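Note that these values count all heavy atoms, side chains included, but never hydrogens, waters or copies made by symmetry. Proteins come first, then strands; the chains are lettered A, B, ... in the order of their sequence lines, and each starts at number 1. No experiment lies behind these values; they were computed from the predicted model shown.
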Amino acid sequence: MSRLRDLGGPLPRSFYARPVLTVARDCIGKLLVHVTDDGVAAGRIVEAEAYRGPFDRAAHSYLGRRTARTEVMFGPPGHAYVFFVYGMHWNFNLVTGKSGEPHAVLIRALEPVTGLDLMSVRRGISPERPELTNGPGKLCQALGISRREYGADLCQGRLFLADGERRRVARSPRVGIDYAGAWAAKPWRFFESGNKYVSRFPPPRQKRDPART
DNA sequence: GAATAGATTGTCT
DNA sequence: GACAATCTATTCT
């Protein structure tokens with residue numbers, strides 16, 4: 001019995017070759033699967049954000065910035081944009097839209113489905129804890145995603161999205177981009193309502209006005 | 001529960 | 001040399 005077969009095959013490139021906000025919303029509920037020599041690890045995507053360069057100031061491709069790091073975002077859709085932040089964490093993105101359009105979807109949280117023990121070993125915590133995969137850096141560690149997966153083709157290979165159960169989707173502003181001015185307020189974050197693996201719940205809200213009651 | 005600071009390094013100015 | 005699409009531990013309240 002192949003657990004991997006039960007997860008289904010990779011989504012086609014047409015899934016990624018659509019507007020970035022559409023892909024970000026449709027990601028919620030899909031499975032993210034990574035097959036390695038250590039085994040299979042997979043989870044349902046429960047949180048994702050759209051980054052829409054070159055105009056989006058929060059995007060690494062802002063102003064068309066094209067470097068060794070951002071290069072894959074300028075290529076065809078359905079590839080992995082993996083980058084390193086804060087000196088110790090990897091983040092995983094899907095390249096979307098058309099070739100030459102540097103758009104990407106950041107996967108921010110998963111609900112573990114397969115390979116809980118493997119994720120637990122990689123994370124160094126118990127498999128029941130929501131901290132296993134409730135953040136972009138955490139899910140990369142749990143699934144074993146790092147530099148090696150940069151540019152990987154998600155339509156053929158060991159790292160891919162597969163179909164999954166879709167539930168209620170909500171949206172909010174994105175997380176951790178306060179520097180991006182007006183772009184920081186755009187509701188380009190999508191998440192599954194009530195799922196305990198969402199990285200910040202309740203989601204970020206406007207501060208309540210103390211003058212109001 | 002909320003707020004804060006420290007960790008630690010690839011990438012760009 | 002500065003900073004970052006984060007995580008964790010610690011220190012408040």
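Residues passing the salt bridge (charged side-chain N to carboxylate O under 4.0 Å, His left out) test with A:R44 are A:E111, A:E192, sequence neighbours excluded. Every residue was checked against the salt bridge (charged side-chain N to carboxylate O under 4.0 Å, His left out) condition with A:R57, not counting sequence neighbours, and none meets it. Applying the salt bridge (charged side-chain N to carboxylate O under 4.0 Å, His left out) test to A:D38 and every residue at least two apart in sequence or in another chain returns nothing. For A:F55, the side-chain contact (heavy atoms from CB on, under 4.5 Å) partners two or more places apart in sequence, or in a different chain, are A:W183. Scored by the side-chain contact (heavy atoms from CB on, under 4.5 Å) test, A:P10 finds A:F160 as partners (sequence neighbours excluded). Residues satisfying the side-chain contact (heavy atoms from CB on, under 4.5 Å) test with A:E149, not counting sequence neighbours, are A:H34, A:V82, A:I145, A:S146, A:L159. Annotation: ring pair (Phe, Tyr, Trp, His ring centres under 6.0 Å) contacts of A:W90 (sequence neighbours excluded): A:F84. Not counting sequence neighbours, the partners of A:R129 by the side-chain contact (heavy atoms from CB on, under 4.5 Å) test are A:I125, A:S126, A:E131.
In this structure, A:F83 atom CZ and C:dC3 atom P are separated by 18 Å, rounded to whole Å. The distance between atom CG of A:L94 and atom P of C:dA5, rounded to the nearest whole Å, is 18 Å. Rounded to an integer number of Å, the gap from A:R108 CZ to C:dC7 C1' is 11 Å. Computed from coordinates, the A:E47 CD to C:dA5 C1' distance equals 11 Å when rounded to whole Å.
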TODO: Assign a letter to each nucleotide of nucleotides 6-13 of chain B from its 5' end: B, base within under 4.0 Å of a protein heavy atom; S, sugar-phosphate only; -, no contact.
DONE: -BBBSSSS

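Chaining together hydrophobic side chains whose heavy atoms lie under 4.5 Å apart places A:Y179 alongside A:Y51, A:L106, A:I177.
In this structure, A:D37 pairs ionically with A:R158, as a charged nitrogen and a carboxylate oxygen lie closer than 4.0 Å.
Dashed line: the shortest gap from a side-chain N or O of A:Y179 to OP1 or OP2 of C:dA5 is under 4.0 Å.
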Task: Base-pair map of DNA chain C as dot-bracket, where | denotes pairing with a different strand and pairs are Watson-Crick or G-U under 3.5 Å - done: ||||.|||||||.

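In this structure, A:L106 reaches the bases: a heavy-atom distance under 4.0 Å links it to at least one base atom across the strands shown.
In this structure, A:R13 is not positioned above the aromatic face of A:F15 in the sense of NZ or CZ being under 6.0 Å from the six-membered ring centre and within 45° of the axis.
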Extract from the structure each pairing of a protein N or O with an N or O of nucleotides 8-10 of chain C at less than 3.5 Å, listing the distance.
residue, atom, partner, partner atom, Å
C:dT8, OP1, A:R123, NH1, 3.4
C:dT8, OP1, A:R123, NH2, 3.0
C:dT8, OP2, A:K138, NZ, 3.4

